[in-house]
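Numbers here are sequence positions counted from 1.
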Amino acid sequence: MSDMKLEQVAITTSGNRNDKKSKKIFAVAQQAGQHVEMTLANLRSQRQGLTQAEAAKRLALYGRNEVAHEKAPPALIQLLMAFNNPFIYVLLVLALVSLFTDYILPLRAGQETDLSGVIIICTMVMLSGLLRFWQEFRTNRAAQALQSLVRSQVTVLRREPGSDTAQRQDVDMSELVPGDIILLSTGDQVPADVRLLSSRNLFISEAVLTGESLPVEKHSSDAGLDAEEQTAQELLASPNICLMGTSVASGTASAVVVATGGETWFGSLASSLTGSRPQTAFDRGVNSVSKLLIRFMLVMVPVVLLINGFTKGDWMDATLFALAVAVGLTPEMLPMIVSANLAKGAIAMSRRKVIVKKLNAIQNLGAMDVLCTDKTGTLTQDTILLAHHLDARGSEDEQVLLLAWLNSGSQSGAKNLMDRAVLCAGDKVISQSQRSQYQLVDELPFDFTRRRVSVLVEDLTQHRSQLICKGAVEEMLAVSVAVRQGDVVVALDAAQRAALLAQTERYHQQGYRVLLVATRDGELHAPLSDSDERDLVIQGMLTFRDPPKASAGKAIKALRDSGVTVKVLTGDNPLVTLRVCADVGLTDPAMLTGDQIEAMSDDELALEAERCTLFAQLTPLQKSRLVRLMQQNGHTVGFLGDGINDAPALRAADTGISVDSAADVAKASSDIILLEKDLQVLNEGVLKGRETFGNIIKYLNMTASSNFGNVFSLLVASAFIPFLPMLSIHLLIQNLMYDVSQLALPWDKVDREFLNKPRKWDAGNIKRFMLWMGPTSSIFDVTTFALMWFVFGANHAGVQSLFQSGWFIEGLLSQTLVVHMLRTRKIPFIQSRATLPVMLTTLAVMALGILIPFSPLGAMVGLVPLPWQYFPWLVLTLLSYCLVAQGMKRFYIRRFGQWF
């Protein structure tokens, strides 16, 4: 058989199984119904794995293990999507009308044609679309580059050519190929569709595919489904198949990769998953603003059309002019400005060790007002040290350390921080001869229900087996019947139990975490099961200390100063949690435990969630329940976690935050990845998120108010002036130049006051801002009308070009100046200055606007040079506008208590 296609991909389906998704289900399910050896033969693999050369060959054949929705669309598709915008459609309609009125009709009548309007409009369309395309193309490339910093590794077995010896090797998940043998342990994300070869107490969370929160037990039996009769739902229930996207809740396993990338069941769902993704708060905010502006357009444009049609008598010109007004009301550059701000924010945040997986999450991070965080590694140094190894009487005991070292060192799965601390301490005192005395027979991995881990070891010198169990105090006491007191074993009666609990509580109050170590001798055989964890003898206890971070207290204070309430959600002991939180400045906080939460209704817990700061001994589902209830209370909630037990809460939060060293499933569930697990890093990310959002809101407020003021002035002028106060082509040029003047806004800074509290979309304030600040500029438009009419004699149709030129310059300069007036609540140029890119862009646009009437372009579109006497009046008008706008700004802030 050639290596062109593996049998699992080449399988053909019959009858009603001719659609792509059914073929994928059928291919994976066939492996479920076959013997392991047959599956390996079909995949041309073996239990020792592939060679490096075979893996490379298959990678070239099947491609990388990535599903389609993870990739940005091709450049051509991005280019076409850049023009998919309702504001662009308005411009295209206007271009068609202009083509018909300025070219087709005059051409048929043998009159002079004019394509200048069409050229200007098409320039606006091309500029808006191409700028958006370029910015979003760079955004996608930047996002991919940032995500490449966060890698998911998979442990595979690889062998040398001609050798049957397997070697473990960590490879990037995207490099997996069909036939690879992988090893899975607690916290891993299943990286492809796989068929289990072996497993131990394996429970798989399939919530990402089924929504079911409880994990499902899997095992490597050969009993599968009838491949001709199964459905997708039944495939999930197959006991020996694990699908891409699910995660290991507990246990260990080895498996052979059956399908990768787009050939997986998850890959076949990629397009539907993308399409059904709910809108984020960011998307809803942008849409609400767009709908607001469109509603204004639908009201204002007919009014302009009717006034000009009835007063001027030329309905064709009135229609063209009304369409130009519609363009004047629409922020054509909104998509590009948003994309530029988000991309710049993501890159800036990456420099602060914050990697953004989803760009829209930047705004949600800035809007966050409650941060739920775990304790370990966030408030503490995440460098757990073994402090004591004690017998039941509280004395140091080397035998307890040896037992703990054997338990931690014999586990085949991932070692947690406490295991590593035990191994580090044991390596210093346990001799090589002692280590070689014991051999692992079997193990029972940790899970979040039992909260303990057991290993069965054989003492090679005494030829006897011993079960060594290590775990949480309460769970260990529940399966123990005796305790060793020196050389004597006594029954674990109520007095002994109370003494152990009292000793444990003393250490908890000092900030230590405590585990018990117990053993069981006798006839024990592999494989181990839960029922073997009984009749244990307590040998002693281990205490661990994770010192608090020096920066944690400052970071919590900084987050509080930024308007973010920090709440600690942990599965750890309440007393330990209280001590650590007190060390970092969370003094005397109200606290709830998991048992108390379980007894509460949602209404009761929603009230307590507002009052309490600490939540201890929580299960994963209790964490996600708390997050949802805080959201129902009106909060924007972020959750910072790194373990598999944090995955439900990460998915439920508005902003899921994880770290680069987190479990795969935690990273997959998050929106933002921290390269350093530190609240100070997160606080800097919050501020950058608010700055990014602030620059977007600036653009919306400035554009909406300025455009509305312009249109309001047009209504006034149209009602009293016997000719068009400005040609449609003038409006288009003015609008284009004004948009260009704001292209540098993503590089602007925002006032410190804006960063001091969470920021959310507020379409109501944008509407109010537009109605109050827009007409301010209209005051000086009207004074310019009077200036041109009475001072410069532009008061009849014969000199309308002079009138239009005067208003063109004043309107453009006042619009551009508004960028500096409205970008800050402070006094512009004095208390707050824009960044250099914004200053240069606006100065260039203002200079160009003054020159246009004196240029050939001005003559082509009907503008004429203005007398020098006009410019002192222009300076006076602009200075007066600045003073009035500043006064209106002060009034607005006092009246409504906010600016942006």
Side-chain angles (χ1 to χ4, degrees), residues 374-411 414-431 434-435 446 451-453 455 468-477 480 483-486 496-519 538-553 568 570-584 586 614 616-617 643 677:
D374 63 357
K375 174 176 63 65
T376 304
T378 307
L379 304 182
T380 62
Q381 294 180 14
D382 206 9
T383 54
I384 291 180
L385 302 175
L386 178 63
H388 308 94
H389 42 91
L390 312 169
D391 61 18
R393 293 177 299 187
S395 302
E396 292 283 341
D397 191 328
E398 296 297 330
Q399 181 65 21
V400 173
L401 177 58
L402 174 62
L403 292 170
W405 186 90
L406 289 171
N407 178 283
S408 296
S410 301
Q411 298 172 39
K415 305 292 191 295
N416 63 34
L417 292 172
M418 286 187 284
D419 284 323
R420 294 174 187 171
V422 169
L423 293 174
C424 181
D427 288 343
K428 298 176 182 178
V429 298
I430 298 173
S431 67
Q434 285 180 296
R435 300 178 192 187
F446 176 87
R451 297 183 69 199
R452 53 184 176 258
V453 57
V455 299
I468 305 173
C469 187
K470 176 174 95 269
V473 174
E474 295 288 350
E475 283 72 11
M476 292 293 293
L477 290 176
S480 299
V483 58
R484 181 172 63 87
Q485 298 277 10
Q496 293 290 341
R497 185 182 298 270
L500 283 171
L501 289 173
Q503 188 177 0
T504 299
E505 185 170 1
R506 285 195 297 273
Y507 281 111
H508 282 165
Q509 290 173 343
Q510 297 173 46
Y512 293 100
R513 279 184 277 183
V514 179
L515 298 181
L516 293 185
V517 179
T519 60
I538 300 294
Q539 297 291 331
M541 66 174 55
L542 308 171
T543 69
F544 301 85
R545 183 69 190 272
D546 186 4
K549 283 185 177 177
S551 63
V568 178
T570 179
D572 209 347
N573 179 275
L575 294 176
V576 174
T577 303
L578 277 170
R579 177 58 184 265
V580 171
C581 290
D583 289 342
V584 298
L586 292 171
L614 302 187
Q617 287 185 324
K677 194 174 182 182

- Item | Which residues share a side-chain contact (heavy atoms from CB on, under 4.5 Å) with Ala616, sequence neighbours left out | Thr570, Pro574, Thr577, Met591
- Query: Stepwise, does the side-chain contact (heavy atoms from CB on, under 4.5 Å) test hold for Asp419 with Lys470?
  - Reply: CA-CA 10 Å; Asp419 284 323; Lys470 176 174 95 269; 2.9 Å; yes
- Task: Run the salt-bridge test on Asp427 and Arg435 with the 4.0 Å N-O cut-off and return the result as yes or no.
- Result: yes
- Task: Could you tell me how the ring of Tyr507 sits relative to the ring of His388: parallel (under 30°), tilted (30 to 60°) or perpendicular (over 60°)?
- Result: tilted
- Query: Would Gln510 and Thr543 satisfy side-chain contact (heavy atoms from CB on, under 4.5 Å), going step by step from the backbone distance to the final call?
  - Reply: CA-CA 11 Å; Gln510 297 173 46; Thr543 69; over 6 Å; no
- Message: Measuring only between side-chain heavy atoms, which start at C-beta, is Glu474 closer than 4.5 Å to Leu501?
- Response: yes
- Query: Are His389 and Val429 close enough that some pair of their side-chain heavy atoms sits under 4.5 Å apart?
  - Reply: no
- Message: Minimum heavy-atom separation for Gly540 and Val400, please, with both atom names.
- Response: CA-CG2, 4.0 Å
- Message: Rounded to the nearest 0.5 Å, what separates atom OG in Ser410 from atom CH2 in Trp405?
- Response: 7.5 Å
- Does the side chain of Leu402 reach to within under 4.5 Å of the side chain of Gln539, using non-hydrogen atoms? no
- Taking the side chain as every heavy atom from C-beta outward, state whether Asn407 and Val517 have any pair of such atoms under 4.5 Å apart. no
- Note on the structure: Distance col, row Ser408:OG vs Leu401:CG, nearest 0.5 angstrom, shows 9.5 Å
- Item | Listed partners of Asp391 passing side-chain hydrogen bond (donor to acceptor under 3.5 Å, both in side chains), at least two apart | none
- Sub-4.5 Å side-chain heavy-atom contact between Met541 and Val473: no
- Query: How many angstroms lie between CG in Leu575 and NE2 in His508, if you round to the nearest 0.5 Å?
  - Reply: 7.0 Å
- Is there side-chain contact between Leu390 and Glu396, with heavy atoms separated by less than 4.5 Å? yes
- Task: Measure the spacing between CG of Leu386 and NZ of Lys428 and express it to the nearest 0.5 Å.
- Result: 10.0 Å
- Task: Supply the atom-to-atom distance Gln399 CD to Arg484 CZ, rounded to the nearest 0.5 angstrom.
- Result: 6.5 Å
- Taking atom CE of Met476 and atom OG1 of Thr504, what is their separation to the nearest 0.5 Å? 11.5 Å
- Message: Restricting to non-hydrogen atoms, name the atom on Ile468 and the atom on Leu403 that form the minimum distance, rounded to 0.1 Å.
- Response: CG2-O, 3.5 Å
- Query: Can you tell if the side chain of Leu515 reaches within under 4.5 Å of the side chain of Val422, non-hydrogen atoms only?
  - Reply: no
- List in chain and number order the residues that pass salt bridge (charged side-chain N to carboxylate O under 4.0 Å, His left out) with Arg506, two or more places apart in sequence or in another chain; answer none if no residue qualifies. none
- Note on the structure: side-chain contact (heavy atoms from CB on, under 4.5 Å) filter on Asp583, not counting sequence neighbours, yields Arg545, Pro548, Arg579
- Least distance between heavy atoms, Ala404 atom then Leu542 atom: CB-CD1, 3.6 Å
- Task: Just jot down the side-chain contact (heavy atoms from CB on, under 4.5 Å) partners of Leu385, sequence neighbours excluded, or say none.
- Result: none
- Task: Taking side-chain contact (heavy atoms from CB on, under 4.5 Å) as the test, write out the residues that go with Glu475, two or more places apart.
- Result: Arg451, Arg452, Ala472
